[in-house]
Amino acid sequence: MLTANTLPLYVKRAVTVFLTLLFSYFYTAAQPANNLSGGINNRIRTVVIDAGHGGKDSGALGVISMEKDIALNIALKVGALIEEYLTDVEVIYTRTTDVFVELHERAGIANRAEADLFISIHVNANKNHTPYGTSSHVLGLHRTNEHFDVAVRENSVILLEDDHETRYQGFDPASLESYIIFSVMQNTYLKQSIEFASYIQDQFRERSKRKDRGVVQQGLLVLAQTSMPAVLIETGFISNQEEEKFLVTEQGQDLIASAIFRAFRKYKLRIEKNSNFTLDTAATTLQENHTGESTPQMLSTETIEQDPDNVTFRVQIASSRNLVETDPSAFKGYNNVSVIQSGKWYKYTVGHGLTYHEALDKCSVVKNDFPDAFVIAVRNKELVPLSEALIEINR
């Protein structure tokens, strides 16, 4: 029997080209023409929460429960937490009751809303009743039989749709060859999806004390059709009797929902702090000088020593048109953040009185938290063009 691993290379290439053309209409039609959301902008304003399965599609079956019910309960709990604690976020559900929603429509709901994030909640299953734990899945090409089984199960929901052969252009959820398309698909939002998925797994492992089965790339149709960062969460194994007992309880569902909420909150804060560094005007803090003109207050968790007359270097981590209090909670726990005003912009910096090479070293570390950080030169709390500063220190 031929599999994707045993196909000759020329056949793989031919199939890839064929499937790319075959699915081009299906995948491109799902993408809004002008959607520039999905975490690329600096605000997370709309999240779509998708409770997997529903109605005539029960999903995986346990001894005492069905996947569709557990997924819906957790989805509603996650949405309720977001609505209560993050009031600037609009929550949209693909379903709030036990109804069947076609796979393409789940993604369609998110695309039409131009959502910033798509969260699909599911429960895992395995013929072997031993496996347990949580995993988060992003779009990609699966590499193991175990992951292929998950993709088959989640994608097979299309077989319940009346016109699936036409709508999905003959896609066969059980055929390895059908999945070759995912190896050549471009996913603009893969990096953000993986980031959010990793936050979820961190919360499951560290706060909820669930087994962490990792972040997995898979060929999942519901993720392929969305035009924003998207993650499918397997909250546990309904086929494992002990884990099923946990998943059907109110306490278990609350614990899972709170973990997903905390991950979402962390992701939202990261996007809004780092993307474009546009900070909320509500945090503006100004003081009046003796001339009556508004000037920035130097806000810091510690007193910053005056820079010497000679040029020194710092690392800029953010900038904004509005002055924001430099509380560590607003800058990923960084202490000793200070502000320099340059025209209409406020520059947020760390590291003071550094040599150029010290600043370079610090910048390489800071980039782990602020990827767009860079070295700047300062004299008496005023910016100096870096090129001029380098000439000066090398005289």
Side-chain angles (χ1 to χ4, degrees), residues 39-44 191-192 195 199 265-291 293-395:
I40 296 299
N41 294 327
N42 65 316
R43 285 290 185 267
I44 303 297
K191 180 179 178 181
Q192 295 98 320
E195 180 180 24
Y199 291 162
R265 181 175 58 187
K266 180 177 180 180
Y267 175 79
K268 179 179 186 294
L269 289 172
R270 207 288 301 169
I271 290 292
E272 295 185 355
K273 290 293 191 307
N274 291 352
S275 294
N276 300 332
F277 301 120
T278 303
L279 305 176
D280 196 344
T281 56
T284 301
T285 304
L286 296 175
Q287 67 175 6
E288 299 292 320
N289 65 13
H290 65 279
T291 65
E293 297 176 346
S294 294
T295 59
Q297 181 181 2
M298 180 65 74
L299 299 169
S300 177
T301 54
E302 296 180 7
T303 301
I304 306 300
E305 295 181 359
Q306 291 288 334
D307 289 332
D309 289 337
N310 59 307
V311 67
T312 59
F313 298 87
R314 303 184 187 185
V315 177
Q316 180 174 315
I317 59 174
S319 65
S320 73
R321 289 186 177 274
N322 308 296
L323 184 60
V324 176
E325 186 174 358
T326 56
D327 186 89
S329 62
F331 291 92
K332 295 196 170 184
Y334 277 66
N335 291 308
N336 208 21
V337 175
S338 62
V339 187
I340 297 176
Q341 184 173 5
S342 177
K344 295 181 179 180
W345 289 89
Y346 299 98
K347 314 287 186 177
Y348 300 86
T349 68
V350 294
H352 306 91
L354 302 178
T355 67
Y356 180 60
H357 292 292
E358 289 172 341
L360 288 176
D361 290 340
K362 188 171 186 64
C363 187
S364 66
V365 174
V366 170
K367 276 182 174 289
N368 291 326
D369 295 308
F370 299 92
D372 296 324
F374 57 93
V375 174
I376 62 171
V378 179
R379 179 187 288 109
N380 290 326
K381 297 183 181 178
E382 293 185 358
L383 293 177
V384 176
L386 187 60
S387 58
E388 294 181 13
L390 294 176
I391 292 173
E392 180 175 327
I393 65 174
N394 284 289
R395 285 175 179 170

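We're numbering straight along the sequence, starting at 1.
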**Study point:** Closest non-hydrogen atom pair, Val384 against Val378
**Key:** CG2-C, 4.2 Å
Exercise for review: Would you please name every residue forming a side chain to side chain contact (heavy atoms under 4.5 Å, CB included) with Ala330, sequence neighbours left out?
Suggested key: Lys273
Check your understanding: How about Lys332 and Ile317: do any of their side-chain heavy atoms sit closer than 4.5 Å?
Key -> no
**Study point:** side-chain hydrogen bond (donor to acceptor under 3.5 Å, both in side chains) pairs, two or more places apart, involving residues 353-367
**Key:** Thr355-Glu358
Review point. Taking all atoms of both residues into account, what is the closest heavy-atom pair of Ala373 and Cys363, and its distance?
Key: O-SG, 3.6 Å
Exercise for review: Quick one: pull up CD1 in Ile271 and NZ in Lys266 and give me the separation to the nearest 0.5 Å.
Suggested key: 12.5 Å
Check your understanding: Rounded to the nearest 0.5 Å, how far does CD1 of Ile340 lie from OG1 of Thr349?
Key -> 5.0 Å
Practice item. State, to 0.1 Å, how close Tyr348 and Val324 come at their nearest heavy-atom pair, and which atoms those are. Key: OH-N, 2.8 Å
Review point. Minimum heavy-atom separation for Leu354 to Ala359, with atom names?
Key: CD1-CA, 3.8 Å
**Study point:** Glu272 side chain reached by Ile44 side chain, heavy atoms, under 4.5 Å
**Key:** yes
Check your understanding: By side chain to side chain donor-acceptor pair (under 3.5 Å), which residues pair with Lys347, not counting sequence neighbours?
Key -> none
Point to revise | Test side chain to side chain donor-acceptor pair (under 3.5 Å) applied to Tyr199 - qualifying residues, sequence neighbours left out | key: Glu195
Practice item. Return the minimal non-hydrogen interatomic distance between Asn335 and Pro328, and the atom names on each side. Key: OD1-CG, 3.3 Å
Check your understanding: How many angstroms lie between OG1 in Thr312 and CZ in Arg379, if you round to the nearest 0.5 Å?
Key -> 9.0 Å
Check your understanding: Atom CG of Leu360 and atom CZ of Phe374: how far apart are they, to the nearest 0.5 Å?
Key -> 13.0 Å
Exercise for review: Look at the rings of Phe370 and Phe331 and say which category their plane angle falls in: under 30° parallel, 30 to 60° tilted, over 60° perpendicular.
Suggested key: tilted
